[in-house]
**Student:** 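The structure that follows is given in the form of structure tokens.
Given the structure is predicted, the values throughout are model-derived calculations rather than measurements.
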Amino acid sequence: MKDKTWVEDVNRSIYDIKNEEKDVYRVKEGLTPTIVETISQEKNDPEWMREFRLNALQIYNEMRVPDWGPSIDGLNIDEIVTYVRPNTQMKAKWSDVPEDIKKTFDLLGIPQAEQESLAGVGAQYDSELVYHNVRAEVAAQGVVYTDMESALNGEYADMVRAHFMKLVPPRDHKFAALHGAVWSGGSFVYVPPGVKVDIPLQSYFRLTAPGAGQFEHTLIIVDEGADLHFIEGCSAPKYNVANLHAGCVELFVGKNARLRYSTIENWSKNMYNLNTKRAKVEAGGRIEWVSGSFGSHVSCLYPMSILNGDGARAEFTGVTFAGRGQNLDTGAKIVHAAPNTSSYINTRSISKDGGISTFRSAVTVLPKAKHSRSAVSCQSLMLDRISRSDTIPAMDIRTRDADIGHEAKIGRISDEAVFYLMSRGIPEDEARAMIVSGFADNVSKELPVEYAVEMNNLIRLEMKGSIG
């Protein structure tokens, strides 16, 4: 069979599964106090959360849409459904999940991944988790991995209240306020002091309803001396109406603790991905971000690390692939707020078929953060003459006693390298895909092997179209 070479021919059928909506409850389109009250009632919120939501709604109405970054004019919140409940309650056994929903996650490989390489899995379908489970041996260590609603109303309610939207307050920006008003779903993780979770936990977010938004909240607390790897996966089928993702991730890394947070985002290209992620790291702690961004029509995503304690460290490793009709504005932010802290940002961005890839970084070193070190390295690869790549670094250094560096490279794919591979019998599109996979190797080598394979497969799907 002749190899496909056009973007329109790419077989994205695994991700484009669309189930018929059966017995689905959804609120009306738009954003009003009545809708927010309805969501709060559906979620069985405690009174403080109901008030929090309504206050966040007021903040949302007061704030303006940011006047920088890619245009989001195609997003009309009055046409977005902010809460869609599938026809099931959350299950602890995979066999109990309704067949139509289970089939979707089966095809995406979630149960197999759980059996082979994960300590626990949460699966969210539209606005609700439909499945959550953690291995008995991990639970026996005292590790808590549950859905946010259970945590909010259970024995960890005080811990949730003490941490919820403290790193990302509603006044942070307009879409943080939106999240605070209508959030639903997501995971709560607590790792006790000194506990090391040897294999990863994972949450997978699937948005299937056309014209809907997903607003999950992930809250992870890794206590002193503990160690965790958490993986986040996202996908959605393609529709001809706008969808919105405005989730929030808050990570608290204790003294001498370590957290690795890995993400592979493969949203469909009608998605506006306006997600907010932030970590606070105490003395001797370490946060490691690994990020692969492939989907969405527009993305604005800049995970922030606040190095709050002496000797805290942060690393961000990312790859972004922008194809036709995509404007992906991504990067990372670091705040050095204590002495002897260190950070490293290392990114690769790829654009083709007129795609726009923008890298932004912001490194702030506060006056008390003496002897801090930071290095930023960003490389961009454009696969044709109609694509675009921009690099926008910002550095705010408020002490003379710091070591800060930045380097950037932008270029096109080498015709000589393509010719060399073709001379060895490799078809042109495969040759280009191999070069791009090598360019993105800094991310794939940081992922568990199953997810590295998924990322490389996504690159190959995107590359089937780089000719003609």
Side-chain angles (χ1 to χ4, degrees), residues 90 92-94 109-124 129 131-148 150-151 154-156 159-160 163 167 185-205 216-234 249-264 277-292 303 305 309 312-317 443-452 454:
M90 191 182 70
K93 293 184 178 180
W94 188 249
I110 303 306
Q112 181 181 358
E114 177 186 12
Q115 295 168 14
E116 295 178 356
S117 59
L118 297 171
V121 168
Q124 180 157 334
L129 269 84
Y131 173 72
H132 222 288
N133 193 28
V134 63
R135 288 191 182 185
E137 61 268 32
V138 175
Q141 293 179 283
V143 175
V144 179
Y145 181 39
T146 187
D147 61 294
M148 277 296 297
S150 296
E155 61 180 301
Y156 296 94
M159 187 179 291
V160 172
H163 292 84
L167 288 183
S187 294
F188 172 78
V189 180
Y190 174 69
V191 184
V195 171
K196 300 189 185 314
V197 183
D198 294 328
I199 50 180
L201 301 177
Q202 179 190 358
S203 283
Y204 198 95
F205 302 106
E216 81 285 347
H217 194 95
T218 299
L219 175 58
I220 300 178
I221 302 169
V222 183
D223 217 326
E224 182 173 351
D227 192 303
L228 173 69
H229 183 187
F230 190 89
I231 299 173
E232 173 188 79
C234 319
V249 174
E250 296 185 291
L251 311 176
F252 294 84
V253 183
K255 291 178 62 177
N256 300 314
R258 172 184 173 270
L259 172 59
R260 170 168 285 204
Y261 195 94
S262 301
T263 304
I264 296 181
K277 301 181 180 183
R278 198 159 295 170
K280 184 179 181 182
V281 189
E282 302 301 339
R286 183 185 185 108
I287 179 68
E288 301 171 0
W289 302 91
V290 181
S291 177
S305 303
R313 294 177 290 170
E315 291 186 10
F316 179 87
T317 305
V443 174
S444 60
K445 71 182 181 182
E446 298 291 342
L447 291 167
V449 62
E450 296 83 359
Y451 300 93
E454 178 183 355

**Student:** Heavy atoms, side chains only, cut-off 4.5 Å: are F316 and P303 in contact?
**Tutor:**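 With C-beta onward as the side chain, the pair touches.
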**Student:** Please tabulate, for the side chains in residues 277-285, all donor-acceptor contacts under 3.5 angstrom to protein atoms that are two or more places apart in sequence or on a different chain.
**Tutor:**
| residue | atom | partner | partner atom | Å |
| --- | --- | --- | --- | --- |
| K277 | NZ | E232 | OE1 | 2.8 |
| K277 | NZ | T263 | OG1 | 3.0 |
| R278 | NH1 | L167 | O | 3.0 |
| R278 | NH1 | D172 | OD1 | 3.0 |
| R278 | NH2 | D172 | OD2 | 3.0 |
| E282 | OE1 | N308 | ND2 | 3.2 |

**Student:** If you round to the nearest 0.5 Å, how far is CG of L251 from OH of Y261?
**Tutor:**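 Y261 OH to L251 CG: 6.5 Å, rounded to 0.5 Å.
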**Student:** May I ask you to test the V143-P192 pair for a side-chain heavy-atom distance under 4.5 Å?
**Tutor:**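 The answer is yes, as the side chains (C-beta and beyond) meet within the 4.5 Å cut-off.
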**Student:** Which of parallel (below 30°), tilted (30 to 60°) and perpendicular (above 60°) describes Y190 and Y156?
**Tutor:**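 Plane angle between 30° and 60°, so tilted.
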**Student:** Look up atom CD1 in I199 and atom CD1 in I231, then write down how far apart they are to the nearest 0.5 Å.
**Tutor:**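 One finds 10.5 Å between CD1 of I199 and CD1 of I231.
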**Student:** Under the salt bridge (charged side-chain N to carboxylate O under 4.0 Å, His left out) rule, what do R286 and E288 come out as? Steps first, then yes or no, please.
**Tutor:** CA-CA 7 Å; R286 183 185 185 108; E288 301 171 0; 2.6 Å; yes
**Student:** Please name all residues satisfying side chain to side chain contact (heavy atoms under 4.5 Å, CB included) with A257, sequence neighbours left out, ordered by chain then number.
**Tutor:**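 A257 satisfies side chain to side chain contact (heavy atoms under 4.5 Å, CB included) with V222, V253 only.
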**Student:** I need the R313 CZ to I287 CD1 distance, nearest 0.5 Å.
**Tutor:**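 Answer for the CZ-CD1 pair, R313 versus I287, is 12.0 Å.
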**Student:** Can you sort out the partners of F252 under ring pair (Phe, Tyr, Trp, His ring centres under 6.0 Å), two or more places apart, ordered by chain and number?
**Tutor:**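 With neighbours one apart ignored, the set is H163.
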**Student:** Applying side-chain hydrogen bond (donor to acceptor under 3.5 Å, both in side chains), can you list everything that pairs with N256, at least two apart in sequence or on another chain?
**Tutor:**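 For N256 there are no side-chain hydrogen bond (donor to acceptor under 3.5 Å, both in side chains) partners, ignoring immediate neighbours.
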**Student:** The criterion is salt bridge (charged side-chain N to carboxylate O under 4.0 Å, His left out); which residues satisfy it with D223, sequence neighbours excluded?
**Tutor:**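 Applying salt bridge (charged side-chain N to carboxylate O under 4.0 Å, His left out) to D223 gives none.
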**Student:** Working to the nearest 0.5 angstrom, can you tell me the gap between L228 CG and R260 CZ?
**Tutor:**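 Those atoms lie 11.5 Å apart.
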**Student:** Working to the nearest 0.5 angstrom, can you tell me the gap between E315 CD and S305 OG?
**Tutor:**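 Answer rounded to 0.5 Å: 10.0 Å.
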**Student:** Let me confirm one number: the CG-CD distance from D198 to E137, rounded to the nearest 0.5 Å.
**Tutor:**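 CD of E137 is found 10.0 Å from CG of D198.
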